[in-house]
Amino acid sequence: MNAMLDDLDGMADSLSALTKDSDKYSDELNDCIRETDNRVTATYDLISDLVGGVREEGVKYLFTDISESELLSLDDPHKTLRDSNGGVIMDCSNRNSVKCDLQGGGIVGSLAVDDENLENNAILSFALTAGESYTTSGMIVTCKNLALVSVKNNYAGGIVGKMDRGIVYRSEGYGPVESIEGDYIGGIAGRSDSVIRKSYVMCTLSGDEELGGIAGYATAVKDCVALPTFGDHTGTSGAIAGQILRDKKTEEMNASDLSGNVFVCDSAYGIDDISYKGVAEATDYASALEIPDIPEAFSDLTVSFRVGDRIVKTVSVKYGQSLEGIETPELEHTDGSYGSWPDLTGRTALGNIMVTAEFIPEITVLSSALEYEENGKPLALISGGFDSDDIFDASFERMAATSITDNNGKTVKIKDALRYRLELTAHEGAIDTENGGILRLYTPYKDCTVYCTPYDAASGISGQAWTAVESEMKGSYVVVDYAENTEYMVVEKPGNTIYIVTGAGCAAAVLVIAIISVKIHGKKKAKHLNKAVKS
């Protein structure tokens, strides 16, 4: 085509030179020269426009999309298209999560002519020749998306990710749609440069910019209904479309391409913070249910609980219902992290809602708020896997010149000791201590013995017998295994414990001491007598 333009340029230059000498030619010849010049100019303009369009839009510039006119010309589109030979996706439902890098949709990723790989399109052969034109038709009819669509970059749609051509008709989007790092997110299409008609959306949308209940960016949207809820996003959003095609000079929209759309949403306007009567118009939920052909699904909203890329639970709710009290699924702790659900206090159901579990790195050590009075070190530390809302409380009592009874019934006299009471409280359920945890108790002693006894924090009652447990000194702390509902006592040693034997055991011990004493005394006396006899 560039070579043809060059040839036409040459012809135009030659004709221009001829016109300079027009006074040398007859009127008939001059008329012929002028007519030829006009035709060359018209041909040049035509080809120049063609080349410019192809350069700007690719080969798709050469195709005319007849999808909408073909669909609307049918007396019964649903019946007729069922018997179609191609170019139609009909009555499909998606219930499985979709995850991809680019152009992701619940039904179709991209609806377009692949101008880089034409042989793989429905166009079986392609050879551009003068005077030829091509038409395309692609239809997505009565399809539904009920699952999560997650796209890393641009173009995430409940039905189609990116739509250059074709039409989406009477389709529905109910599953959450998100872009992790990109733009153009919509309940039907992420970006649509074609037509969406009579379609319905009730889903959660999240991403960066250009979020729309029907389409993130739209060219033609007609007679659609949307009940979107918006998650995290940074840029423009609209209950019908985030952005629309406008005239480059006047910034006006084409009302014939955008009409009859209504929405129910208290957090967004129709199109980029503006609602338009007859184009993208707000209504209430009760009125939306009266719209002809509104799907039954609009009567039953859902709350979906998501873990990673999976929806693990779905709960049916009514419009305006409080989300407080809804039972959340249990979350399994993974290695190095714990999961929690966002607080639903004060939230109500105003559309389909997705609640995503948050996973936070576990805290490996909890320290008590109470510190040892003399040096400000934490009184106790416990290691394990905890979350940020777990609480570890510790208190202590200084004990001197007292005694305790051990588990063998013996009385242990104590010179100096610290008595600890601990309470570990989980913010949600009970902390799993099946495998135990490591407990560090601050001690001012260079060497010590640790005892423990059962303790009921609710009643404040502890056991009567104390059991010595294995321990190890680590700097200023003595390390023992942690046990729930247990009170600990750190006793200074050596030389600080004296066993006092009581009861029958005491009488037996006194008798043994007495017998030994007598025997020794007798031996000494006998030795003295022997010496006397010899002398």
Side-chain angles (χ1 to χ4, degrees), residues 362-386 390-426 429-503 505-506 509:
E362 285 183 332
I363 298 171
T364 57
V365 177
L366 285 179
S367 60
S368 64
L370 188 63
E371 299 172 341
Y372 188 67
E373 56 192 8
E374 295 181 6
N375 56 23
K377 290 186 176 181
L379 187 62
L381 302 102
I382 184 169
S383 60
F386 311 101
D390 291 340
I391 300 171
F392 182 45
D393 288 328
S395 62
F396 78 102
E397 178 184 359
R398 192 71 178 259
M399 304 182 67
T402 186
S403 62
I404 60 173
T405 301
D406 71 8
N407 58 318
N408 294 317
K410 295 181 180 181
T411 298
V412 181
K413 189 173 181 180
I414 295 172
K415 177 182 177 182
D416 195 29
L418 293 177
R419 183 173 181 170
Y420 296 86
R421 286 185 174 176
L422 311 172
E423 186 174 358
L424 181 58
T425 306
I431 293 178
D432 181 11
T433 56
E434 181 179 348
N435 299 320
I438 302 301
L439 178 65
R440 289 171 171 80
L441 300 171
Y442 178 79
T443 173
Y445 315 128
K446 291 183 178 181
D447 201 2
C448 59
T449 301
V450 181
Y451 295 85
C452 68
T453 189
Y455 170 66
D456 182 5
S459 64
I461 299 174
S462 59
Q464 299 300 313
W466 293 80
T467 302
V469 296
E470 292 185 5
S471 62
E472 181 183 4
M473 290 297 299
K474 293 283 188 180
S476 299
Y477 292 86
V478 58
V479 181
V480 296
D481 288 335
Y482 170 76
E484 286 187 296
N485 305 317
T486 301
E487 190 173 1
Y488 294 86
M489 185 179 294
V490 178
V491 179
E492 184 182 15
K493 70 172 189 179
N496 64 314
T497 57
I498 301 175
Y499 282 90
I500 304 173
V501 186
T502 60
C506 180

Testing the basics here: between [X] and [Y], what is the closest heavy-atom pair and its distance to 0.1 Å?
| X | Y | result |
| --- | --- | --- |
| Ser476 | Lys377 | OG-NZ, 2.9 Å |
| Pro378 | Tyr477 | O-OH, 2.8 Å |
| Pro454 | Ala465 | CD-O, 4.5 Å |
| Met489 | Ala417 | CG-CB, 4.0 Å |
| Tyr482 | Leu439 | CB-CB, 4.0 Å |

Is there a donor-acceptor contact under 3.5 Å from the side chain of Ser471 to the main chain of Val478?
-> no
Thr402 side chain to Ala400 main-chain N or O, any donor-acceptor pair under 3.5 Å?
->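 Not confirmed, Thr402 side chain does not pair with Ala400 backbone.
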Just jot down the salt bridge (charged side-chain N to carboxylate O under 4.0 Å, His left out) partners of Lys446, sequence neighbours excluded, or say none.
->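 Expected list: none.
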Output all residues satisfying salt bridge (charged side-chain N to carboxylate O under 4.0 Å, His left out) with Arg421, sequence neighbours left out; order by chain, then residue number.
-> Glu487
Nearest 0.5 Å, please: how far is [atom2] in [Y] from [atom1] in [X]?
| X | Y | atom1 | atom2 | answer |
| --- | --- | --- | --- | --- |
| Asn407 | Thr467 | CG | OG1 | 4.0 Å |
| Leu422 | Leu370 | CG | CG | 11.0 Å |
| Thr449 | Asp406 | OG1 | CG | 11.5 Å |
| Met473 | Arg440 | CE | CZ | 12.0 Å |
| Asn408 | Trp466 | CG | CH2 | 16.0 Å |
| Thr453 | Ile404 | OG1 | CD1 | 9.0 Å |

State which residues pass side chain to side chain contact (heavy atoms under 4.5 Å, CB included) with Thr405; sequence neighbours excluded, sorted by chain then number.
->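 Result, side chain to side chain contact (heavy atoms under 4.5 Å, CB included) vs Thr405: Thr411.
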Under the side chain to side chain donor-acceptor pair (under 3.5 Å) rule, collect the residues that match up with Ser395, sequence neighbours excluded.
-> none
Any residue meeting side chain to side chain donor-acceptor pair (under 3.5 Å) with Tyr445, in chain and number order, not counting sequence neighbours | Asp416
Any side-chain heavy atom of Leu418 within less than 4.5 Å of one from Arg398?
-> yes
Can you find a heavy atom in the side chain of Asp481 that is under 4.5 Å from one in the side chain of Val469?
->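 They are not in contact (no side-chain heavy atoms under 4.5 Å apart), so the answer is no.
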Assess whether side chain to side chain contact (heavy atoms under 4.5 Å, CB included) is satisfied between Leu441 and Phe396, documenting all intermediate values.
-> CA-CA 10 Å; Leu441 300 171; Phe396 78 102; over 6 Å; no
Keeping to residues at least two apart or across chains, list the salt bridge (charged side-chain N to carboxylate O under 4.0 Å, His left out) pairs with something in residues 454-472.
-> Glu472-Lys474
